[in-house]
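What's counted below: heavy atoms across the whole structure, side chains too, no hydrogens, waters or symmetry copies.
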Amino acid sequence: MMDIDMKGDVLSTTSQDLHQRHSHISVTSSIDNTNKKPSNDDQPTEEVHLRKSFSLWSILGVGFGLTNSWFGISASMITGITSGGPMMIVYGIMIIAAISICIGVSLGELSSAYPHAGGQFYWTLKLAPKKHKRFAAYLCGSFAYAGSVFTSASTTLSVATELVGMYALTHPDFIPQRWHVFVCFEILHAFLMIFNCYGKSLPLISSSSLYISLLSFFTITVTILACSSGKFNDAKFVFATFYNETGWKNGVMAFIMGLINPAWSFSCLDCATHMAFEVEKPERVIPTAIIGTVCIGFITSFCYVISMFFSLRDLDALLSSHTGAPILDIYNQALNNKGGAIFLGCLVLFTSFGCVIACHTWQARLCWSFSRDKGLPYAHLWSKINPSVGVPLYAHLMSCAWIAVIGLLYLASSTAFNSLITGCISFLLLSYIIPVICLLMKKRNIKHGPFWLGKFGLFSNIVLLGWTLFAIVFFSFPPQLPVTKDNMNYVSVVIVGYFIYAVLYWKFKGVKEFNSLEDDNDQDDEEQELDTINVQRESSTDDNVSDTNPELIKIDEYVTSKK
C-alpha cells in the first residue's frame with residue numbers, strides 16, 4: 001500500500017535533506033559541540049547537537065510507552081464502568097481503535113512528507129496558505145503543547161490515584177480524600193520528573209518501557225484468567241451488559257460519556273513525530289512507529305478488558321468500592337487475595353512509570369521545538385539544549401511546573417480527572433486537524449514521502465475532522481447529572497481561556513517573532529521541492545512513461561500551482 005517505488009525514494013531522500021537543513025539538533029544520548037555559530041551579539045557560542053541514538057524499537061517504545069492503551073484502560077476504568085459498564089468499554093475500544101488508525105494514517109503521511117521535531121505545527125507552516133501560515137502554525141503548536149501538558153498531568157494523576165487506592169485496599173477503614181491524591185500526585189510528579197533530566201538514559205528507558213508494559217500485560221492477564229478458571233462470567237455480561245450511573249437518562253449520552261475512557265487510552269499518537277531529529281530515516285520509521293502503537297494498543301487493551309470482565313465477580317461491589325481504582329478491586333475479586341492484587345497493581349505501577357517518563361520526554365521535545373520558533377514567552381530559555389545532560393532541560397522543568405499547577409484542579413472538582421483527560425484529547429485533536437485541513441485545501445497534492453496511502457489517506461483525514469468536532473462538543477458535556485460546582489466539567493472553560501491567551505500572545509508578541517527562521521528558508525524550500533519533482537518527472541520520462549500517466553499529470557498540476 002505504501003509508495004516505496006523509485007519516485008518515493010527520490011522524494012524521501014529530499015525529505016531527509018530538508019530535515020537535515022532545518023534541524024538544529026540530532027538526538028538525546030550524547031553531545032556534539034564541535035560546531036560554532038555566532039550569536040546575535042557576534043560572540044562565539046556553542047551550538048549543541050544531539051546524536052541520533054534512537055532506533056525503531058526505541059521510538060516505538062516512546063510511542064507505545066506514552067499511549068500504553070491497556071494501562072490507560074486500567075487507569076481510567078472508573079469513567080467507563082459508570083458510563084456504560086463492560087459493554088461500553090469493549091465496544092468503545094473497537095470504535096476508538098478504528099478511529100485511531102485513521103488518525104495514525106493522517107499523522108504518518110505528514111510525518112513521512114515533512115519529518116521534523118515540530119510535528120504538526122511545522123507541517124502547518126509548510127502547508128497553510130502563505131497569508132495565514134504563521135498564525136495557523138503558531139496556533140497548532142500552542143494547542144499541541146497544551147495537550148502534552150494536560151496528558152502528563154492526567155497520566156500522573158491516574159498513577160497517584162492508583163497508589164492511594166492500593167493503600168485503601170489494604171486499609172478498609174481508610175477513606176481516600178481528594179487532598180490525599182493531590183499530595184501523592186505532587187510527590188510522584190517530582191520524583192518521575194528527575195528521569196528526564198539526563199539524556200543518556202532515555203533510549204534505554206524508552207525501549208524498556210515497551211517490554212515492561214508487554215510483560216506486565218501478559219503476567220496480569222494470565223494470572224487473572226488462571227485464578228478465575230471455572231468461575232467466569234457469561235458472554236452476555238461482557239458483551240451486552242449496559243450500566244448507567246451518570247444521571248443521564250439517555251443511554252446514548254451515557255455511552256458517549258464513557259468513550260472518554262478508550263479515547264484517552266489511544267491519545268498522544270503524535271509523540272513519535274517529535275523524535276524525528278533523533279532517529280535515522282524518520283520518514284520511514286516515524287509512520288511505522290505510529291501505526292505500530294495503534295495496533296499493539298488495540299491487541300493488548302481488547303484482550304485485557306475481555307479477560308478482566310470475564311473474571312469480574314461482583315459489579316455492584318466494584319461500583320461501591322472506596323478505593324477509587326476499580327482495576328484493583330477486579331484483581332482482588334479474581335484472586336481473592338489482597339496481597340496478590342497489590343502485586344499485580346505494582347506491575348501496573350511500573351508500567352505507568354514508563355508512561356509518565358515518556359510523557360515528559362514528549363512534552364519537553366515539543367516545548368523545545370516550539371520555543372525554537374519563539375512560540376512561547378521567554379522562548380530563548382526553553383529553546384536551549386543543556387550541554388551537560390544532553391536534553392532541553394529548561395523546557396522540561398518549565399513544563400513540569402505547569403503540570404504541578406494543573407494538579408490543583410483536582411482539589412476543585414470531584415470530576416477533575418475527567419476534565420484533565422478531556423483537555424488532553426481536545427487540545428491534541430485540535431492540533432492534528434489544523435495541518436490536515438491545510439492538506440485538504442491543497443487537495444492532498446503535495447510532495448509526499450514513502451508512507452502515502454492515497455484514497456485511504458483522504459478517508460482518514462475526513463474521519464479525523466469529524467471525530468474532532470464530535471469529541472470536542474460531546475466530551476465537554478457534564479459527565480454526571482445533576483450538575484453542581486463540584487462535578488462540573490470545566491474543560492470548555494480551559495479550552496476557551498487558553499485560546500484567548502494564545503490569540504493575545506500572538507497579537508502582542510508572536511506576530512512579530514514567531515517562525516522568522518522558517519520564513520527565511522521558505523523560498524529555498526519551495527525551489528528545492530520543485531527541483532525534486534522535476535527530477536521525479538524526468539526519471540519517469542526516461543523510463544518511457546506516457547505523458548498521459550496520472551502521476552505525471554499530478555506532478556504538472558503541482559508544479560503549475562507552485563509557480
Side chains of Ile93 and Phe266: closer than 4.5 Å at any heavy-atom pair? yes

To the nearest 0.5 Å, how far apart are CG in Leu192 and OG in Ser352? 7.5 Å

Under a 4.5 Å cut-off applied to non-hydrogen side-chain atoms, are Leu107 and Ile286 in contact? no

Closest non-hydrogen contact found for Gly345 with Glu162 is O-OE2, 2.8 Å

Kindly say whether Ala317 contributes a backbone atom to a donor-acceptor pair with the side chain of Ser320 at under 3.5 angstrom? yes

Hey, what's the ring geometry for Phe242 with Phe255, parallel, tilted or perpendicular (30° and 60° as the breaks)? parallel

For the CG atom of Leu439 and the CG atom of Leu458, what is their distance to the nearest 0.5 Å? 9.0 Å

Donor on one side chain, acceptor on other, Tyr145 and Ser399, under 3.5 Å: yes

Side-chain touch Ser152/Phe150, heavy atoms, less than 4.5 angstrom: no

For the student: nearest non-hydrogen atoms of Leu335 and Cys227, plus distance: CG-SG, 4.0 Å

State, without any angle test, whether Asn336 and Arg313 hold a side-chain donor-acceptor pair at a distance under 3.5 Å. no

Counting neighbours of CZ on Phe459 that are heavy atoms of other residues, nucleotides or ligands and sit closer than 6.0 Å, is the number greater than 12? no

Looking only at heavy atoms, the pair that brings Leu429 and Ala471 closest together is CD1-CB, 3.9 Å

Given Ile299 and Phe217, is the side chain to side chain contact (heavy atoms under 4.5 Å, CB included) satisfied, shown in steps? CA-CA 11 Å; Ile299 293 171; Phe217 156 75; 5.9 Å; no

In terms of heavy-atom contacts, Ala263 and Ile425 come closest through CB-CD1, 3.8 Å

Just so I know, are the side chains of Met94 and Pro262 near enough to count as touching, which here means a heavy-atom distance under 4.5 Å? no

Any donor-acceptor pair under 3.5 Å from Lys338 side chain to Leu169 backbone: yes

Please check: side-chain N/O of Ser431 versus main-chain N/O of Leu428, any donor-acceptor pairing under 3.5 Å? yes

Without hydrogens or angle criteria, can the side chains of Ser83 and Asn244 be said to hold a donor-acceptor pair below 3.5 Å? no

For residues Leu214 and Ile296, determine if any side-chain heavy atom of one lies less than 4.5 Å from a side-chain heavy atom of the other. yes

May I ask you to decide if the ring planes of Phe191 and Phe195 are parallel, tilted or perpendicular, using 30° and 60° as cut-offs? perpendicular

So how far is it from Ile256 CD1 to Thr246 OG1, rounded to the nearest 0.5 Å? 11.0 Å

Between Ser69 and Phe298, is any pair of side-chain heavy atoms under 4.5 Å apart? no

Between Leu110 and Thr273, is the side chain to side chain contact (heavy atoms under 4.5 Å, CB included) condition met? List the steps. CA-CA 9 Å; Leu110 289 169; Thr273 68; over 6 Å; no

Taking the side chain from Arg284 and the backbone from Pro450, do they hold a donor-acceptor pair closer than 3.5 Å? no

Would you call Thr300 and Phe71 a side-chain contact if the rule is heavy atoms closer than 4.5 Å? no

Applying side chain to side chain donor-acceptor pair (under 3.5 Å), run through Asp329 and Thr323 and close with a yes or a no. CA-CA 8 Å; Asp329 294 294; Thr323 64; 2.8 Å; yes

Give, for atom CD1 of Ile472 and atom CG of Leu430, the distance between the pair rounded to the nearest 0.5 Å. 3.5 Å

Aromatic rings His189 and Phe185: how do their planes relate, parallel, tilted or perpendicular, breaks at 30° and 60°? parallel

Please tell me whether His180 and Tyr167 form a close aromatic pair, meaning their ring centres lie under 6.0 Å apart. no

d(Ile403 CD1, Cys359 SG) to nearest 0.5 Å is 7.5 Å

Can any side-chain N or O of Ser229 pair as donor or acceptor with the backbone N or O of Leu225 at less than 3.5 Å? no

Walk me through whether Leu269 and Val294 qualify under side chain to side chain contact (heavy atoms under 4.5 Å, CB included). CA-CA 8 Å; Leu269 294 179; Val294 178; 3.8 Å; yes

Is it true that Asp270 and Gln120 share a donor-acceptor pair across their side chains at a distance under 3.5 Å? yes

Less than 3.5 Å apart, any donor N or O on the side chain of Trp452 or Ser112 sitting next to an acceptor on the other? no

Can you give me the closest heavy-atom contact between Ser111 and Ile290, atom names plus distance? OG-CD1, 4.3 Å

Could you tell me whether the side chain of Gln333 and the main chain of Asp314 form a donor-acceptor pair under 3.5 Å? yes

Looking at Ser216, Ser265, Ser213, which hits side chain to side chain donor-acceptor pair (under 3.5 Å) with Trp70? Ser213

With heavy-atom distances below 4.5 Å as the criterion, would you say the side chains of Ile495 and Phe499 are in contact? no

Out of Leu409, Leu157, Leu408, which one pairs with Phe182 under the side-chain contact (heavy atoms from CB on, under 4.5 Å) rule? Leu408

Could you state the interatomic distance from OG (Ser301) to CD1 (Ile96), rounded to the nearest 0.5 Å? 11.0 Å

How close do Ile212 and Thr351 get, counting heavy atoms only, and between which atoms? O-OG1, 4.0 Å

Between Ser142 and Tyr498, do the side chains contain an N or O donor and an N or O acceptor separated by less than 3.5 Å? yes

Flag yes if more than 12 heavy atoms outside Phe237 fall under 6.0 Å of its CZ atom; otherwise flag no. yes

Name the orientation class of the two ring planes belonging to Phe310 and Phe239 (parallel below 30°, tilted from 30 to 60°, perpendicular beyond 60°). perpendicular

When you measure from the side chain of Asn461 to the backbone of Val436, do you find a donor-acceptor pair of N or O atoms at a distance under 3.5 Å? no

Dump the intermediate steps for side chain to side chain contact (heavy atoms under 4.5 Å, CB included) on Leu259 and Phe474, then the final yes or no. CA-CA 10 Å; Leu259 283 177; Phe474 285 99; over 6 Å; no

